[in-house]
Amino acid sequence: MLRFLIHYGIHFLVPIVIGLTFYKKNQLKVILILLAGIVIDIDHLWANPVFDPERCSIGFHPLHSYWAIGIYFLLLSFRKTRVYGLALIIHILADWADCSLLLQSK
Ligand SMILES: [Zn+2]
């Protein structure tokens, strides 16, 4: 239950907090983009089973692989794509927190 709260807490609260704290302009737009970072979970649809609470997303799904994470950091380094990179990295952080909690509970 705690794991669930932390995972979805990062997915939904961190985008809102970052938007409110760091983006005074276009605040709503930024928050929506950051929240949209969750869409990369679409790669779970190619996995079998689609949802497995015992599985760690990072390094397993194509959009959660290490080279994908590298691209997200690349996006972060350009002004124009920064907010998108940030959205994706928040997503990876959320999943990563989820993974570490999963490993701890084993
Ligand atoms: Zn994910």
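Numbering of ligands and ligand atoms starts at 1, following listing order. Residue numbers start at 1 and run along the sequence shown. Because the structure is predicted, anything quoted here is derived from the model rather than measured.
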Open item on the list: Heavy-atom count check: over 12 atoms from other residues, nucleotides or ligands less than 6.0 Å from Y23 OH?
Closed with: yes

Open item on the list: Any N/O/S atom, side chain or main chain, of D43 closer to the Zn ion (ligand 1) than 2.8 Å?
Closed with: no

Task: Residue among I58, I10, I89 satisfying side-chain contact (heavy atoms from CB on, under 4.5 Å) with W96 - done: I58

Open item on the list: Does L20 form a side-chain contact (heavy atoms from CB on, under 4.5 Å) with I31? I'd like the steps, not just the answer.
Closed with: CA-CA 8 Å; L20 292 177; I31 291 174; 4.2 Å; yes

TODO: Can you tell me, to 10 degrees, how wide the angle at the Zn ion (ligand 1) is between NE2 on H64 and NE2 on H91?
DONE: 90°

Open item on the list: Testing the 3.5 Å rule here: is there a donor-acceptor pair between the side chains of H64 and H44?
Closed with: no

Open item on the list: I need the OD2(D95)-the Zn ion (ligand 1)-OD1(D41) angle, rounded to 10 degrees.
Closed with: 160°

